[in-house]
Chemist: 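The structure under discussion is supplied below as C-alpha cells; questions concerning it will follow.
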Number of protein chains: 2
Amino acid sequence: MEHYQLKSFLTVACEQNLTRAAAVLHISQSALSTQIKLLEEELGLRLFKRTSRGMLLTEQGRQLLARAQDVLEAADKLQQQANVLARGNTVSVTIGLNTDPNFLRVSAINQRYSQLHGNTNVIFHLCQSIDTTQRLRHGQIDLGFFYGDNREPDIEQTVISQVRTCVVIPTQLLSDDPIMSWSEVSALPWIWVENLPFFAVLQQSLGDYRTLPNKAVTAIDEQIVRELVLAGQGVAIMREDEARPLVESGQVKIWNKGWGEIPLCLGWLANNREAPRVKAALEVIRYIWRKPPSMGDGELADKCWI
Amino acid sequence: MEHYQLKSFLTVACEQNLTRAAAVLHISQSALSTQIKLLEEELGLRLFKRTSRGMLLTEQGRQLLARAQDVLEAADKLQQQANVLARGNTVSVTIGLNTDPNFLRVSAINQRYSQLHGNTNVIFHLCQSIDTTQRLRHGQIDLGFFYGDNREPDIEQTVISQVRTCVVIPTQLLSDDPIMSWSEVSALPWIWVENLPFFAVLQQSLGDYRTLPNKAVTAIDEQIVRELVLAGQGVAIMREDEARPLVESGQVKIWNKGWGEIPLCLGWLANNREAPRVKAALEVIRYIWRKPPSMGDGELADKCWI
DNA sequence: ACAGTTTACGCATTTCGTAAAAATC
DNA sequence: GATTTTTACGAAATGCGTAAACTGT
C-alpha cells in the first residue's frame, strides 16, 4: 500500500471515472486500472463497483476512503512541516498521550506548567500505549502516558492513577434476563482493540472463568470502539468515564461483574531523570493528578466558554 | 515520499544504525542508504547526522519522525479497518469536524441524537474546512462543519454560530508600549495557517490597513499554531475560547484592535436534504447550538468524572 | 454502437544487491 | 584498523503505455 495508490484511490473516488481520473493524474487509464486492482487485492475487498458509466464507491470503499484521506492528510502535514523546518524551529518538552487529551487533563497540565516555567512550553503528541517506550527512547517524547505495567530497564515510571474500566453491552444485545453470567456475556460478539491492555484486567477479576470472549470485530482504536458499540455491533471494555454518557443516554448497559482497574502510568527515559524539563513536567503532572477533577477545576474550568 | 521510505526512516531512527536497520527491513545497507538520501533530498533537509558509529536523528529529523509515525499509524489503521470490513459493517450518520471536537460540542450532539434516534448512531470525523465540500460530495461525511462562507450550488448550509477570533501576541514579543498599532503588530513575525479563513476577517475589521503581516512561519494546523505561539515564535489569530487559557496563564496578550468574527457553518449535500439521518442530525445540531454551553450542560456535563 | 474497464505484452524507469571506496573515530 | 556510510554499476523488479479484448447499456 503506497502513497501513490492512495492518491489514485482518492482521485478515482472523486472523479467516479477511471478515464477522467487518469487524465487528472497524468497517467494512462490502464496503469490506473491496475493500481486500483492491486490495491483492492492487497486490502482484500472491493473499493469500487464497476458500472458501464464508471466507478462507484462501495460502502466499504466509502469508509476506507475516509481513512485513506487521513493518511494523505498526515503525509501532507509531514511535507508541510518539512517545509517549515527548512527555516524556523521550536524547542520544548513533549508529552505523549495514550488516550484522549481531555481525560488526561492536558489543558490543566499545560496551564500549570507554563505558569511555573514561563520560558519553555509543552507540546502534546498522541501515541498509543504500545509505542510509548519506543518514542521515549528516540526522543520524540520526553514523557509518555501508558496503561498497565511496562518494566523496562532504561525507562522509569510512576503510577498516576487507577483507571476504572467496565464492560458495556449495547441494549440491542441484552437478553430479557437482567442478570448475565460470564458464559452468556462471553458468547456475545465482542469488539476488540489490538494492543490495549484492558482485557487482561478483566481476566484477573473473573478468576476461574477462562472462556475467551467471542471476538466479533477487532477495532483499531478507542474512538472506533465507541462507534461500534453505539452501532450495537458488540460488547466492549471501556473506561468508566467514557462509558457513563453512553449509559445515561440509554444506549448501553454496564455488566456488573465486569468492573476492572488498570494503572495509568507516566514513563520517562532513566537517562533523562535529571533533565530540568522532565523533572518539571513530572512534578506538574503529579500535582494535577493528585486531586480528582471537579467542576471548578483543572481541565473543565479552562474549557469554559463564558 | 512513499510509504516504504517512511518505514525505512522510522527503522533507521529506531536502530540508529543503517546496517542493523537494513537487516530488520530485509534489504541491503546500500539500498537503505539511498532511500534515506532520496527522502532527505525530497524533504530538503537532513534527517540524520552521520557519525562513525551510526545515524543520529537531527532535531529536524526528530520532529519529522513524529509526523512520519502519524502517517504510518494512519496507514496501519487503514489496513486494519480493511481487515475489519472484510467481515462486519456499520451504518450511521457521519459528521465532519473542522476543529476540535470539544468546541463543536460533539458529546452533547451525540447524546441528544442517540436519545432521539436510538437505532442509528453518529460517527465524527476530523476534516479541514477546505476539504468539507469534497468530503460531502463523496459521501464520506453526511454533514460537515466549516468556517466562513462557501457558496456552492450543490451544497446547502446554515450558520450555526459566530466565532470570535482575536490576535494573540506572545509576551516575549511585546514592546514596552502597551498600545500597538497595526503597523507595529504586522511587523512582528506571524504564524500562518494555510487554508484557514481567519485572516480575511481581520482584514475586514482593519479596513484601511492594507499592510500584509510578516509571515514568519506557515503552520500546518491549529494545534501547531498553539505550539508555536507558546514557543513565542510569533503572533497568530486564534479562536477566543482557545486563546483564553493562554491569556490567563500569562503567556500571551490579546491585541485589542484585532477582534474579528467569522461564521461557523454546517453544510450538507442538497441532494440529501430529505434524507432522514441528515434532517435529524441537522435538527439536533441546531438545537444544541441554540443555547450557549454552560457548566451544568452539554459537553461539560458528560465529561464530568465524579 | 458507445462509453467504460480490463487484460496482454513490450518498454522504460526505478530500485536492489554486490563490491569497492570513502569517512570517522 | 575497525566500523559504518557512500558510491558505482549491472541485475531484477516494478510500474507504465499502447493496443486489443471485454462488458454493460
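Below, chains carry the letters A, B, ... as their sequence lines are ordered, and counting in each starts from 1. Source: prediction; values computed, not measured.
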Chemist: Categorize Tyr4(B) for me: base, sugar-phosphate, or nothing, with a 4.0 angstrom heavy-atom threshold over every strand shown.
Modeler: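 The residue Tyr4(B) makes sugar-phosphate contact but no base contact.
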
Chemist: Without decimals, in angstroms, what is the distance between His26(B) NE2 and dG17(C) C1'?
Modeler: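 Nearest whole value for this atom pair: 16 Å.
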
Chemist: List the residues meeting salt bridge (Lys or Arg N to Asp or Glu O under 4.0 Å) with Glu40(A), not counting sequence neighbours, and say none if there are none.
Modeler: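 Salt bridge (Lys or Arg N to Asp or Glu O under 4.0 Å) check on Glu40(A) returns Arg46(A), Arg50(A).
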
Chemist: Send over the distance from Lys7(A) NZ to dG15(D) C1', rounded to a whole Å.
Modeler: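 After rounding, the gap between these two atoms is 18 Å.
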
Chemist: Could you tell me which non-hydrogen atom of Gln157(B) sits nearest to which non-hydrogen atom of Gly148(B), and how far apart they are?
Modeler: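 Looking at all heavy atoms of both residues, the closest pair is OE1-O, 4.4 Å.
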
Chemist: Mind running salt bridge (charged side-chain N to carboxylate O under 4.0 Å, His left out) on Asp70(B) and Lys77(A) for me, showing each step along the way?
Modeler: CA-CA 10 Å; Asp70(B) 291 343; Lys77(A) 287 187 178 177; over 6 Å; no

Chemist: Which value, rounded to the nearest 0.5 Å, describes the distance between Glu41(B) atom CD and Thr34(B) atom OG1?
Modeler: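 Between atom CD of Glu41(B) and atom OG1 of Thr34(B) there are 10.5 Å.
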
Chemist: So if I take residues 18-25 of chain A and measure heavy-atom distances to DNA chain C, which residues fall below 4.0 Å?
Modeler: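 Nucleic-acid contacts, sorted: Leu18(A), Thr19(A).
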
Chemist: Round to the nearest Å and state the distance from Glu15(B) atom CD to dT5(D) atom P.
Modeler: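 For the pair Glu15(B) CD and dT5(D) P, the rounded distance is 11 Å.
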
Chemist: Any chance you could measure Phe124(B), atom CZ, to Arg226(A), atom CZ, to the nearest 0.5 Å?
Modeler: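 One finds 7.0 Å between CZ of Phe124(B) and CZ of Arg226(A).
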
Chemist: With the side chain counted from C-beta on, respond yes when Phe145(B) and Thr132(B) share a heavy-atom pair under 4.5 Å apart, and no when they do not.
Modeler: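 Result no, sub-4.5 Å side-chain heavy-atom pair not found.
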
Chemist: Do you see a donor-acceptor pair shorter than 3.5 Å between the side chains of Glu73(A) and Gln69(A)?
Modeler: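 No, no side-chain donor-acceptor pair sits under 3.5 Å.
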
Chemist: Check the distance between dA3(C)'s P and Met55(A)'s CE and give it to me in whole angstrom.
Modeler: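 Spelled out: CE on Met55(A) to P on dA3(C) is 19 Å.
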
Chemist: Counting only heavy atoms and a strict 4.0 angstrom limit, can you tell me which residues of residues 30-46 of chain B come near DNA chain D?
Modeler: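 Within this stretch, Ser30(B), Ser33(B), Lys37(B) sit under 4.0 Å of the strand.
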
Chemist: State, yes or no, whether a side-chain contact exists between Leu104(A) and Ile95(A) at a heavy-atom distance under 4.5 Å.
Modeler: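 The answer is no, as the side chains (C-beta and beyond) never meet within the 4.5 Å cut-off.
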
Chemist: Going by the rule salt bridge (Lys or Arg N to Asp or Glu O under 4.0 Å), which residues pair with Lys279(B) if we only count those two or more places apart in sequence or in a different chain?
Modeler: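 Once residues adjacent in sequence are excluded, the partners of Lys279(B) under the salt bridge (Lys or Arg N to Asp or Glu O under 4.0 Å) criterion are Glu274(B).
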
Chemist: Hey, mind stepping through Trp268(A) and Ile155(A) against side-chain contact (heavy atoms from CB on, under 4.5 Å) and telling me if it holds?
Modeler: CA-CA 6 Å; Trp268(A) 61 92; Ile155(A) 288 175; over 6 Å; no

Chemist: Rounded to whole Å, please give me the gap between NZ in Lys49(A) and P in dT23(D).
Modeler: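 Distance, rounded to whole Å: 17 Å.
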
Chemist: Could you pull out the protein-nucleic contacts involving nucleotides 21-25 of chain C (nitrogen or oxygen on both sides, under 3.5 Å)?
Modeler:
residue : atom : partner  : partner atom : Å
dC25(C) : O4'  : Ser52(B) : OG           : 3.1

Chemist: Could you state the CZ-P distance from Phe48(B) to dT6(D), rounded to the nearest angstrom?
Modeler: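 For the pair Phe48(B) CZ and dT6(D) P, the rounded distance is 10 Å.
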
Chemist: Give the angle between the helix axes at the two ends of the helix from dA1(C)-dT25(D) to dC25(C)-dG1(D), taking five base pairs at each end and rounding to 10°.
Modeler: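 That helix has its two terminal axes inclined by roughly 30°.
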
Chemist: In Å and rounded to the nearest 0.5 Å, what is the OG1 to CG distance from Thr158(B) to Leu143(B)?
Modeler: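 So the OG1 of Thr158(B) and the CG of Leu143(B) are separated by 11.0 Å.
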
Chemist: Check whether any side-chain heavy atom of Leu97(A) lies under 4.5 Å from a side-chain heavy atom of His125(A), and answer yes or no.
Modeler: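 In short, these two side chains do not touch, never coming nearer than 4.5 Å.
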
Chemist: Send over the distance from Ile27(B) CD1 to dT5(D) P, rounded to a whole Å.
Modeler: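 The distance from CD1 of Ile27(B) to P of dT5(D) comes to 13 Å, rounded to the nearest Å.
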
Chemist: I want to confirm an ordering. Mapping Gln5(A) and Gln29(A) to their closest nucleotides on DNA chain D, which one lands closer to the 5' end?
Modeler: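 Result of the comparison: Gln5(A).
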
Chemist: If I take atom SG from residue Cys265(A) and atom OH from residue Tyr147(A), how far apart are they, to the nearest 0.5 angstrom?
Modeler: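 Spacing of SG (Cys265(A)) from OH (Tyr147(A)) equals 11.0 Å.
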
Chemist: In whole angstrom, what separates Leu56(B)'s CG from dT4(D)'s C1'?
Modeler: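 Leu56(B) atom CG is separated from dT4(D) atom C1' by 13 Å.
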
Chemist: Tell me if the CD atom of Glu152(A) is crowded by more than 12 foreign heavy atoms within 6.0 Å.
Modeler: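 Yes, because the 6.0 Å sphere around CD of Glu152(A) holds more than 12 heavy atoms from other groups.
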
